[in-house]
Amino acid sequence: TMLNVRSIDPAAQDLIKKAHKDGIETVWDRYDKQQPQCGFGSLGVCCRHCIQGPCRIDPFGQGPDKGICGATADVIVARNLLRQVAAGAAAHVDHAYDAVEALELAAQGKIDYPIADAGKLKAVASGLGIDSEGKEPDALALEVVRVAYGDMGNHHNRPMKWVSAHAPKQRLEVWESLGIIPRNPDREIREAMHQTTMGMDADPVNLLLATAKQGLVDGYAGLKLATDMQDILFGTPAPVVTEANLGVLKEDYVNLIVHGHVPLLSEKIVQWAKTLSPEAEAVGAKGVQVAGICCTGNEVLMRQGVPLATNYLAQELAIVTGAVDAMVVDVQCIMPSLSQISSCYHTELITTMPIVKIPGATHVPFALEKADEAAQEIVRKAIGAYARRDPNKVHIPDYRAKIIAGFSVEAIAGALGKLDPVQPLKPLADNIVNGNIVGVVATVGCNNVKVTQDIFHVEMVKELLKNNVLVVATGCSAHALAKAGMMNSEGTERYAGNTLKAVLRAIGEAAGLGAPLPPVLHMGSCVDNSRIGDLVTALANYLGVDSAALPVAASAPEPQHEKALSIGTWAVAMGITTHLGVIPPVLGSKQVTELLTVGLAEVIGGKFYVETEPQKAALGLIEDIRKKRQALGL
Ligand code: BF8
Ligand code: SF4
C-alpha cells in the first residue's frame with residue numbers, strides 16, 4: 001500500500017497510520033501536496049540573486065538560454081551550488097564556534113562545564129604544536145582556544161591552523177596548488193556570498209573550486225573543530241550498549257526527547273533528568289526517559305548511552321505516539337510543523353536558541369551561564385506535562401533494536417589495540433591489504449522525503465557487507481542502520497560476508513566483547529564525520545599513501561540538508577568518491593554535472609557519484625574500491 005512506501009521502519013509505518021487516524025498532517029502529506037515540484041528548481045536553473053529576476057533557463061533549449069544579466073545555465077547552477085555548500089558550512093562553523101566559546105568559558109571557570117577529557121585536550125594541543133608539559137588543563141585549554149579563535153579571526157593570508165595541523169600532508173599540497181586552502185572560515189563564507197552576487201564570478205570552473213574550498217571550511221572549521229571541542233568538554237566516546245527506535249519510549253516514564261545538533265544543552269538535560277527523577281516519581285512516573293532524535297541524539301548516545309528515538313523523517317511521528325511529554329530542540333533539521341502537531345497532543349515543544357524560535361512552542365532561552373537552570377526548567381516542564389498525558393491517545397510501537405555505539409577513532413584503536421598494542425591500526429590495515437576487508441564505506445547524511453525512509457541506507461549497506469566491505473556510519477544514516485539491527489553482533493552474523501565476519505569475530509573476541517564487533521560502526525553525529533576523516537587520515541599516514549588512493553568511499557544515500565552537500569564536498573576534496581542517492585539540483589548544467597562527476601577527479605582525486613538504486617550504488621562503490629586496490633597493487 002501507499003503507507004508502506006513511505007518508510008521501511010515498522011515503527012514509522014505504524015505511526016503513519018495513527019497520524020491519519022488522529023487527523024495529523026505529516027511531511028509525507030505535505031510532500032504529496034507539493035507535486036509536481038518545479039522543474040526549473042529541480043535542475044538548478046532558476047536565479048533570484050538580483051531583483052531584476054527571477055530568471056530561469058529553458059532546459060529544452062526553446063526559451064531563454066541566459067538570465068537578464070547574461071548568466072548562462074552553467075553559471076546559475078554553479079552559483080546556486082556554491083551558495084548551498086557555503087550555507088551548510090556556515091551551519092557547522094556556527095556550531096563549532098559555540099563549542100569553542102563553551103570551552104573558553106569552561107576553562108575560565110565562568111560556566112559549570114568541567115573539562116571531561118584532559119587526555120583529548122593534550123592530544124589536540126600536541127597536534128597543534130602546543131607543549132602541554134606541566135600545564136593545568138584549564139591553562140592548556142585556553143591555549144587551544146586561542147588557536148581556534150586565531151583561525152576564526154585570521155586576518156592574514158595563511159592557512160587555518162586547524163587545516164594545516166590535521167589534513168593529510170599530500171592533500172595539503174593538492175589544495176595548495178589549487179589555491180583552495182581556507183584562511184578564515186567566516187572570511188571564506190563571506191567571500192562565497194560575495195562571489196555569487198549579481199555581476200561577479202561567471203566562470204563555472206572557478207565557482208566549483210570555490211565550492212571545494214567551502215568543503216574544507218566545513219570539514220575543518222566545522223566538523224573537526226566541533227568534535228575536538230566537544231570531546232574535550234564532554235569526553236571522547238567509548239563503546240556503549242543501548243537500543244534504537246521509538247519503542248525506547250516508556251509508557252510509565254516521563255518521556256523527554258532531545259532533538260537538534262549541539263550537545264551543550266542536551267548533555268545538561270541528560271544529567272538533570274537523572275537528578276530530578278524523584279520529582280517524576282512524585283507525580284506517579286517511574287523516572288525520566290531521555291531519548292534522542294537527529295544528531296543531538298547521536299551526541300548523547302555516543303557519550304552517555306542515551307537511546308536513539310528516531311531519525312529526521314520520523315521526528316513528527318515521535319509526537320504522534322502521544323507519549324512524548326516534552327521535545328526540546330536546539331538547532332538544525334527541526335521541522336516547523338512540530339509545533340502544530342504538538343498542539344494536538346499534550347507535548348511541550350521547547351525551543352532554546354535565539355536563532356530558532358517557532359510560534360506555538362515554549363521558548364526557554366539557553367545560555368551557557370545559565371545552562372543548569374534552563375535544563376532543570378525543561379525537565380520540570382516534561383514532568384509537568386506527564387500529568388496531562390491522555391492515555392487514550394498513547395501508542396508506542398513495540399520496536400527497538402539493540403545497538404553498540406560509541407566508536408570514536410580512539411575507541412576503534414582501543415579495540416584493535418588488543419590485537420596489536422604497539423600499532424593499533426595494523427590489524428585493520430593488514431586485513432584491508434590482504435583483502436579480508438575489501439574496503440571501507442562511510443554512510444552518512446539524512447533521510448529525504450523523496451526516498452522511502454531508510455530503504456537506501458539499509459539495502460545498500462546489506463550489499464556492501466555481503467561483499468566484505470566494512471561500513472562506518474554517522475548522522476541519520478547511523479540511526480537508520482541502528483534501527484535495522486545492523487549495529488550489533490547478530491548483525492555481523494546475519495549480514496557480513498565470510499572474511500569480514502572472521503575479522504569482526506577476531507576483534508570482538510580480543511576486545512573482550514564475547515561476540516563479534518558490529519558490521520556497521522556508529523561513529524557519531526554529522527559533525528563527527530570528522531572522526532571518519534581522522535580515521536582516513538591515520539590510515540593514509542600509516543600506509544604512507546594519499547587519502548585519495550585508499551580503498552575507501554563515502555555515501556549519502558538519502559541526503560536532504562545543505563550540510564550534507566558540504567560534508568560530501570569535503571569528502572570529495574579528501575580524494576574520496578562520494579555517492580549521492582538523491583540528485584542535487586545541478587542537472588541543468590551539463591558542464592557542472594560533468595565536472596562534479598568526472599572532471600573534478602583529475603584535479604582533486606575525488607568525485608561525486610550519483611546512483612538512485614541501492615544495489616547498483618553498492619556495486620558502483622565496490623567497483624571504485626576495487627580500482628583503488630588495483631592501483632595500489634592489492
Ligand atoms: O546533521 S543527517 S537530516 S540530523 S543534516 Fe539533519 Fe541530515 Fe539528519 Fe544531523 Ni546531518
Ligand atoms: Fe537574473 Fe542575472 Fe539577476 Fe540572476 S543575477 S536574477 S540571472 S539578472
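Each ligand, and each atom within it, is numbered from 1 in the order the structure gives. Scope of the values below: all heavy atoms of this structure, side chains included, with no hydrogens, waters or symmetry mates.
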Chemist: I'd like to know if the side chain of Ser525 pairs up with that of Asn298 as donor and acceptor (distance under 3.5 Å, no hydrogens or angles considered).
Modeler: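 There is no such pair (donor and acceptor under 3.5 Å, judged by atom type) between the side chains of Ser525 and Asn298.
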
Chemist: Please confirm whether Met200 approaches ligand 2 to less than 4.0 Å, judged on its heavy atoms.
Modeler: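 No.
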
Chemist: Are Asp231 and Arg531 within salt-bridge range, i.e. N to O under 4.0 Å?
Modeler: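 Looking at Asp231 and Arg531, the cut-off is met.
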
Chemist: Under 2.8 Å from atom 2 (Fe) of ligand 2 - does any N, O or S atom of Cys55 fall there?
Modeler: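 It does not; every qualifying atom lies at 2.8 Å or beyond.
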
Chemist: I would like to know whether Glu558 and Lys450 meet salt bridge (Lys or Arg N to Asp or Glu O under 4.0 Å); could you show each step before the answer?
Modeler: CA-CA 8 Å; Glu558 306 173 16; Lys450 292 175 177 172; over 6 Å; no

Chemist: Quick one: do the Asp528 and Thr227 side chains pair a donor with an acceptor below 3.5 Å?
Modeler: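 Checked: Asp528/Thr227 side chains pair up, N/O donor to acceptor below 3.5 Å.
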
Chemist: With a cut-off of 2.8 Å, which protein N/O/S atoms are close to atom 8 (Fe) of ligand 1, if we only count those under it?
Modeler: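 Listed by chain and number, the atoms are Cys476 SG.
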
Chemist: Under 2.8 Å from atom 4 (Fe) of ligand 2, can any N, O or S atom of Cys47 be found?
Modeler: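 Within the cut-off used here (under 2.8 Å), Cys47 does place an N, O or S atom near atom 4 (Fe) of ligand 2.
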
Chemist: Please give me the minimum heavy-atom distance between Thr593 and Leu587, naming the atom from each residue.
Modeler: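 Closest pair (atom of Thr593, atom of Leu587, distance): OG1-CA, 3.7 Å.
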
Chemist: Tell me: protein heavy atom nearest atom 3 (Fe) of ligand 2, and distance?
Modeler: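 Scanning the protein heavy atoms, the shortest distance from atom 3 (Fe) of ligand 2 goes to Cys50 SG, 2.4 Å.
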
Chemist: Just checking, any donor-acceptor pair under 3.5 angstrom between side chains of Gln230 and Glu299?
Modeler: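 Distance-only check passes for Gln230 and Glu299.
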
Chemist: Need the ligand 2 atom indices (1-based, order shown) with element for anything under 4.0 Å from a heavy-atom of Gly53.
Modeler: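 Counting from 1, the qualifying ligand atoms are 6 (S).
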
Chemist: Between the side chains of Lys563 and Asp218, is the shortest nitrogen-to-carboxylate-oxygen separation below 4.0 Å, so that they form an ion pair?
Modeler: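 No, this pair does not count.
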
Chemist: List the closest protein heavy-atom neighbour of atom 1 (O) of ligand 1: residue, atom name, distance to the nearest 0.1 Å.
Modeler: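 Nearest neighbour among protein heavy atoms for atom 1 (O) of ligand 1, to 0.1 Å: His261 NE2, 2.7 Å.
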
Chemist: Within 45 degrees of the axis of the six-membered ring of Phe40 and under 6.0 Å from its centre: does Arg56 put its NZ or CZ there?
Modeler: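 Cation-pi check for Arg56 and Phe40: passes.
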
Chemist: Measure the acute angle between the ring planes of Tyr609 and His579, then classify it against the limits of 30° and 60° as parallel, tilted or perpendicular.
Modeler: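 Aromatic pair Tyr609/His579 classed tilted.
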
Chemist: Which ligand 2 atoms are under 4.0 Å away from a heavy-atom of Met198?
Modeler: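 Contacts of ligand 2 toward Met198, numbered from 1: 5 (S).
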
Chemist: Ignoring hydrogens and geometry beyond distance, is a side-chain donor-acceptor pair present between Asn311 and Asp454 at under 3.5 Å?
Modeler: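 Present: a donor and an acceptor within the cut-off.
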
Chemist: With a cut-off of 4.0 Å, which atoms of ligand 2 are near a heavy atom of Cys69?
Modeler: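 Heavy-atom distances to Cys69 below 4.0 Å select 2 (Fe), 5 (S), 7 (S), 8 (S).
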
